[in-house]
Amino acid sequence: MADFRPRSSPLRVFVPKPAAAVRLVCFPHAGGAASSFHDLAHAAPPSIEVTAVQYPGRQDRFGEPMAGSIALLAAEIGAALHNGDARPTAVFGHSMGALAAFEVARLWNATSARPLVAFVASGCNAPSRAQPTGLSFSDQEIRDYVRRLGGSGAAAFGREEVFRFALPVLRHDLRLNDGYTYHPGPPLTSPVLAVVGDRDPVVGLPEMRAWRLHTTGAFDTAVLPGDHFYLENQTARLLTLLTGAVAGGEAVRA
């Protein structure tokens with residue numbers, strides 16, 4: 001989709017906190033939407049304003065053309081992040097969202113005088129070791145893949161009407177993920193934290209450790225209980241990690 005033209009901002013703030021010291025920008029998984037960070041936004045402390053990314057083609061951006069690559073998606077989001085908010089910024093990306101967040105972070109490094117406060121990758125191979133799903137993208141393969149990942153999507157897809165409604169966006173995003181190509185370039189300078197569920201069926205701690213290759217800053221890993229979508233049931237513990245990452249990054253900046 002080379003003619004991709006966004007029609008609305010990709011950024012959603014469910015709980016505005018204009019006095020917050022830091023904005024935390026959260027990128028959802030393949031097939032996901034900004035609403036997946038609704039609980040996180042409400043639970044975040046006063047010092048952090050959660051900004052959720054809304055990819056085109058879903059929820060309030062339904063009908064907008066979907067991006068033909070993660071690079072195009074990152075260009076749209078990166079431009080929006082530079083539009084009018086000068087607060088320190090941290091980034092969190094889950095699954096495919098971690099790849100999109102990484103490409104946005106690289107654009108940020110190239111265009112901003114201030115590095116990101118922190119970068120947190122969740123449930124995703126490092127960009128230089130990105131692996132395709134191996135799917136041929138048939139309906140049944142996609143359904144089986146989602147069931148394997150677990151989470152609320154797996155349960156919801158047991159209802160045929162839900163599955164049929166979500167299928168076009170999910171298929172598009174999975175293809176987007178499989179089409180991702182890492183192009184070597186300068187590493188991030190921000191602290192990086194890599195988080196994974198202890199029962200994630202598609203990525204484990206050894207793969208998450210490879211994110212160390214993509215920053216010159218501090219690096220750490222964390223494992224939380226759960227499957228690929230551990231964050232659905234671990235909001236409080238994830239928020240503790242995110243708050244710590246942001247605080248640590250702010251201390252380094254100071």
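Quantities reported herein were computed from a predicted structural model and do not represent experimental measurements.
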Exam field: side chain D178 to backbone T133, donor-acceptor pair closer than 3.5 Å:
yes
Does a side-chain heavy-atom distance below 4.5 Å link V117 with S190?
no
Between V192 and R212, is any pair of side-chain heavy atoms under 4.5 Å apart?
no
Which heavy atom in A44 sits nearest to a heavy atom in I48, and how many Å separate them?
CB-O, 3.8 Å
What are the two closest non-hydrogen atoms of A222 and L241, and how far apart are they?
CB-CD1, 3.7 Å
State the CG-OG distance between D200 and S95, to the nearest 0.5 angstrom.
8.0 Å
Might you point out which heavy atoms bring P28 and A33 nearest each other, and give the distance in Å?
CB-O, 3.7 Å
Are S122 and Y230 close enough, and set up right, to give a side-chain hydrogen bond (donor to acceptor under 3.5 Å, both in side chains), and what steps lead you there?
CA-CA 10 Å; S122 170; Y230 72 87; 2.7 Å; yes
Backbone N or O of V22 within a donor-acceptor pair of the K17 side chain at under 3.5 Å?
no
CA sep, side-chain torsions, deciding dist, call: L40, T235, side chain to side chain contact (heavy atoms under 4.5 Å, CB included):
CA-CA 6 Å; L40 191 70; T235 299; 4.2 Å; yes
With a 4.5 Å limit on heavy-atom distance, are the side chains of L205 and T221 in contact?
yes
Hey, are the side chains of L73 and F27 touching, using non-hydrogen atoms and a 4.5 Å cut-off?
no
Let me check something: do L107 and L72 share a hydrophobic cluster, defined by ILVMFWY side-chain heavy atoms less than 4.5 Å apart, either directly or through other members?
no
Given side chain to side chain contact (heavy atoms under 4.5 Å, CB included), test H172 with V169 step by step and report yes or no.
CA-CA 5 Å; H172 169 271; V169 167; 5.6 Å; no
Rounded at 0.5 Å granularity, tell me how far CD1 in I70 sits from CD1 in I77.
10.0 Å
Side chain to side chain contact (heavy atoms under 4.5 Å, CB included) between V246 and L242: does it pass, once the steps are laid out?
CA-CA 6 Å; V246 168; L242 293 171; 5.5 Å; no
Given H214, which partner from the list F219, F119, F102 fulfils the ring pair (Phe, Tyr, Trp, His ring centres under 6.0 Å) test?
F102
Side chain S112, main chain N109, donor-acceptor under 3.5 Å
no
Under the salt bridge (Lys or Arg N to Asp or Glu O under 4.0 Å) rule, what do E103 and R106 come out as? Steps first, then yes or no, please.
CA-CA 5 Å; E103 293 301 329; R106 296 217 287 184; 3.4 Å; yes
Looking only at heavy atoms, which two atoms of E49 and P18 are closest? And how far apart?
OE2-N, 3.9 Å
Just how far is it from atom CG of N177 to atom CG of L135, taken to the nearest 0.5 Å?
9.5 Å
Same cluster or not: Y182 versus V202, using hydrophobic residues (I, L, V, M, F, W, Y) connected whenever any side-chain heavy atoms lie under 4.5 Å apart?
yes
Any sub-3.5 Å donor-acceptor pair from W211's side-chain atoms to C124's backbone N or O?
yes
How far apart are the closest heavy atoms of P115 and W108, and which atoms are they?
C-NE1, 3.9 Å
Looking at side-chain heavy atoms only, is the closest gap between M208 and V203 below 4.5 Å?
yes
Answer yes or no: is there a donor N or O on one side and an acceptor on the other, between the side chain of R58 and the main chain of G32, under 3.5 Å?
yes
Can you tell me how the ring of H38 sits relative to the ring of F14, calling it parallel under 30°, perpendicular over 60° and tilted otherwise?
tilted
Inter-residue atom distance N125.CG - R129.CZ, 0.5 Å rounding:
9.0 Å
Minimum-distance pair of heavy atoms, taken over all atoms of L239 and A43:
CD2-O, 3.1 Å
Would you say the side-chain atoms of T89 pair up with the backbone N or O of L116, donor to acceptor, closer than 3.5 Å?
no
Measure the shortest side-chain to side-chain distance between C26 and V53 over non-hydrogen atoms and say whether it is less than 4.5 angstrom.
no
Does V25 reach the side chain of F92, with side-chain heavy atoms less than 4.5 Å apart?
no
Check whether any side-chain N or O of R143 sits under 3.5 Å from a backbone N or O of F157 as a donor-acceptor pair, and report yes or no.
yes
Cluster check V13, L24: I/L/V/M/F/W/Y, side chain < 4.5 angstrom
no
Going by heavy atoms in the side chains, are L213 and P187 under 4.5 Å from each other?
no
Run the numbers on H29 and S36 for side-chain hydrogen bond (donor to acceptor under 3.5 Å, both in side chains), then give the verdict.
CA-CA 9 Å; H29 56 281; S36 61; 4.8 Å; no
Determine whether the aromatic ring centres of H228 and H94 lie less than 6.0 Å apart.
yes
Rounded at 0.5 Å granularity, tell me how far CD1 in I142 sits from CZ in F163.
6.0 Å
Donor-acceptor pair, S138 side chain versus E141 backbone, under 3.5 Å?
yes
Is there a donor-acceptor contact under 3.5 Å from the side chain of T51 to the main chain of R23?
no
Please determine whether residues L174 and F165 belong to a single hydrophobic cluster, defined as Ile, Leu, Val, Met, Phe, Trp and Tyr linked transitively by side-chain heavy-atom distances below 4.5 Å.
no
Test your reading of the model: is there a side-chain donor-acceptor pair from R199 to the backbone of P225, 3.5 Å cut-off?
no
One pair to check against side chain to side chain contact (heavy atoms under 4.5 Å, CB included): L11 and Q54. What are the steps and the verdict?
CA-CA 6 Å; L11 307 180; Q54 188 78 290; over 6 Å; no
Considering only NZ, NE, NH1 and NH2 on the basic side and carboxylate oxygens on the acidic side, decide whether R148 and D227 come within less than 4.0 Å.
no
From CG (D144) to CG (L149), nearest 0.5 Å
11.0 Å
Is E64 salt-bridged to R61, cutoff N-O under 4.0 Å?
yes
